[in-house]
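Here the structure is laid out as structure tokens; the discussion comes afterwards.
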Amino acid sequence: MKRSLIVVDMIHDFADPSGALYCGPSMPAVIDVCKREIARARRAGEPVVYLTDDHLPDDAEFKMFPPHAIHGTKGAQVIPALAPAAGDVVIPKRRYSGFFGTDLDITLRERAIDTLRVVGDCTNICVLYTAADARNLGYAVEIVRDGVTSFDLEAHSDALRELEKTLGATLV
Ligand code: ZN
């Protein structure tokens with residue numbers, strides 16, 4: 001087993017109270033878990049890959065959600081508490097799935113990664129669709145239960161069940 005830690009959308013607009021689409025009161029505890037997981041992965045030599053929502057100013061996604069994570073703005077940057085370090089990988093994305101239109105898959109394959117451990121937000125959106133693509137591509141997926149959250153906690157719980165029962169991810 002060769003594992004990578006995938007940190008999903010821990011960016012200013014979702015993870016900071018002043019962000020455009022702050023996840024809410026569940027976020028501080030998730031930041032602590034992310035911090036712990038990132039430190040563990042770096043110690044263990046597991047590649048740390050940050051996925052960051054990164055939209056055009058007039059992105060089609062803004063028909064569904066208020067504008068957020070606009071390319072080149074603070075809103076699209078990883079929060080300072082979880083800042084990427086030398087050797088970490090940052091992959092911007094325009095869609096929910098970190099695999100769609102990005103080089104995430106080849107980045108992982110070049111490192112012979114077969115297992116993804118996932119933290120971040122939102123459980124029912126970018127975590128879920130990234131994990132679904134990972135499973136379709138043959139990766140094993142571990143979701144850190146206390147390390148993911150959403151602005152919608154009911155959808156968060158539904159997504160955890162879907163991740164485990166339908167997608168075959170392991171909740172850890
Ligand atoms: Zn977005």
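Computed over heavy atoms, backbone and side chain alike; hydrogens, waters and symmetry mates excluded. Here the structure is a predicted model, which is why all the values come from computation and not from measurement. Count residues from 1 along the sequence. Start at 1 and go down the list; that is how both ligands and their atoms are numbered.
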Which donor-acceptor pairs under 3.5 Å do the side chains of residues 75-84 make with protein atoms, sequence neighbours left out?
none

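Electrostatic pairing of Lys74 and Asp13 does not count as a salt bridge here, judged by no charged N lying under 4.0 Å from a carboxylate O.
In terms of heavy-atom proximity, Phe62 sits nearest to Leu56 at CE1-O, 3.3 Å.
Looking only at protein N/O/S atoms, the ones less than 2.8 Å from the Zn ion (ligand 1) make 4 in total.
Aromatic pair His68/His55: ring centres closer than 6.0 Å.
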Ile31/Met10 under side-chain contact (heavy atoms from CB on, under 4.5 Å): CA gap, chis, key distance, verdict: CA-CA 8 Å; Ile31 292 172; Met10 292 302 287; 3.7 Å; yes
What do the steps show when you test Arg3 against Glu142 for salt bridge (charged side-chain N to carboxylate O under 4.0 Å, His left out), and what is the final call? CA-CA 10 Å; Arg3 189 165 59 185; Glu142 301 171 352; 3.0 Å; yes
